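Here is the structure we will look at.
Both backbone and side-chain heavy atoms feed into the values below; hydrogens, waters and symmetry mates do not. Just so it is clear: chains get the letters A, B, ... in the order the sequence lines come, proteins before strands, and each one is counted from 1. All values reported here derive from a predicted model rather than from experimental measurement.
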2 protein chains.
Amino acid sequence: MTPAPDRLSPIFAALADPTRRAILAMLLEDDMAVTDVAEPFQMSLAAISKHLQVLAEAGLISREKRGRVIWCKLEPDALKAASVWMQGFGQFEPVDLDALERFLEVELAEGPEEA
Amino acid sequence: MTPAPDRLSPIFAALADPTRRAILAMLLEDDMAVTDVAEPFQMSLAAISKHLQVLAEAGLISREKRGRVIWCKLEPDALKAASVWMQGFGQFEPVDLDALERFLEVELAEGPEEA
DNA sequence: GGCTCATTCAACCTTTCGGTTGACGATTGC
DNA sequence: GCAATCGTCAACCGAAAGGTTGAATGAGCC
């Protein structure tokens, strides 16, 4: 039996890297060109390009070429699948926005300027 | 700048493996001994032991030795942290329990008896 | 004490991951 | 046309993941 392609694993794997989570947080603000995504990080453009590839294959972002610039855009629906899966474990309060803010702050503080 | 230990990455990394997600789903039903956790899978006991190690280091489960048996227990609070992080991307409807059930079914169907 | 069962440890292997560098194809601007 | 810019590709590297097997540890049973 063709065992139902595993869409969840690539999503979680993509989220497992702090650089990629930082990229997602940046894209939350606005669509960005690849070069601009790479700018805050200390690694090479090629490395960022690979990270974007991973995110795109997980369905977390999409990339659209306009002229010679490729624009990256957040695709939140993929995260929805993972989020729904996780809701099964423990009956959390639906959404705790204060906690979210704290986590995002920590992520953004440690993300771009620190490996 | 002490770069704030990254608690999120190990959690997502742990969730990125379908075997480990299947284990979590099993533990959702009840606490289990290591041997019993391993039973439905086709891999060696040592491999399962390593998976449990990964889950424990991510904080997703705890292990308690009683007699010569080690009991594994789900620790949903770790998932809460990750869940909260994810809520920031896209304003999903709080919780879609029907969708959750569908996902869990797919996971359980493809998980234990298929690599 | 000695056997058995539950679990981990240790060593090993292969594949994937995350990064580098340098060359390359497109696209734009002068 | 030519040069600079945007982004990816290809080859390479070291480290980590995910699995195996076999030996070791520890608790319980008789």
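- Looking at heavy atoms from C-beta onward, A/Ile11 lies out of side-chain contact with A/Lys80 at the 4.5 angstrom threshold.
- Distances shorter than 4.0 Å separate none of the side-chain N or O atoms of A/Ser44 from OP1 or OP2 on C/dG19.
- Set against D/dC6, D/dT20, C/dG19, the side chain of A/Met43 has C/dG19 as its closest nucleotide.
- Taking atom CZ of B/Phe41 as the reference point, atom C1' of D/dG19 lies 14 Å away to the nearest angstrom.
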Scan nucleotides 22-27 of chain D against the protein and return all N/O pairs shorter than 3.5 Å with their distances rounded to 0.1 Å.
none

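- Each of D/dG7, C/dT8, D/dG19 was ranked by its minimum atom distance to the side chain of B/Val34; first place goes to C/dT8.
- Contact annotation: A/His51 side-chain N/O to C/dC17 OP1/OP2 distance is not under 4.0 Å.
- Using a 4.5 Å cut-off on side-chain heavy atoms (C-beta onward), A/Leu52 and A/Cys72 make contact.
- The closest side-chain heavy-atom distance from A/Arg21 to B/Asp6 is below 4.5 Å.
- Regarding A/Ile23, its CD1 atom lies at a distance of 12 Å from the C1' atom of C/dG18, rounded to whole Å.
- The stretch residues 54-67 of chain A participates, sequence neighbours left out, in these salt bridge (Lys or Arg N to Asp or Glu O under 4.0 Å) pairs: A/Glu64-A/Arg66.
- B/Phe12 approaches A/Leu15 most closely through the heavy-atom pair CD1-O, 3.4 Å.
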Reading DNA chain C 5' to 3', how would its secondary structure be written in dot-bracket notation, given Watson-Crick and G-U pairs with both distances under 3.5 Å, brackets [ ] for crossing pairs and | for partners on other strands?
-> ||||||||||||||||||||||||.|||||
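- Residue pairs satisfying the ring-ring contact (aromatic ring centres under 6.0 Å, His included) criterion with at least one member in residues 15-34 of chain A, sequence neighbours excluded, are absent.
- Residue B/Val54 shares its hydrophobic cluster (ILVMFWY side chains chained together at separations under 4.5 Å) with no other residue.
- For B/Leu52 and C/dC9, the CG to P distance is 12 Å, given to the nearest whole Å.
- Atom C1' of nucleotide D/dG19 and atom CD of B/Gln53 are separated by 16 Å, given to the nearest angstrom.
- Closest-nucleotide positions on DNA chain C for B/Ala33 and A/Leu45 were compared, and the one nearer the 5' end corresponds to B/Ala33.
- Inter-residue side-chain proximity for B/Asp30 and B/Trp71 is flagged as unmet; no heavy-atom pair is nearer than 4.5 Å.
- Here the P atom of nucleotide D/dG18 and the CD atom of B/Glu57 are 12 Å apart, to the nearest Å.
- Rounded to an integer number of Å, the gap from NZ of A/Lys50 to C1' of C/dG22 is 13 Å.
- Taking B/Lys73 as the reference, B/Glu75 meet the salt bridge (Lys or Arg N to Asp or Glu O under 4.0 Å) condition, with sequence neighbours excluded.
- Rounded to an integer number of Å, the gap from B/Ile48 CD1 to C/dC9 C1' is 17 Å.
- Counting to the nearest Å, the C1' atom of D/dG7 and the CZ atom of A/Arg63 are 10 Å from each other.
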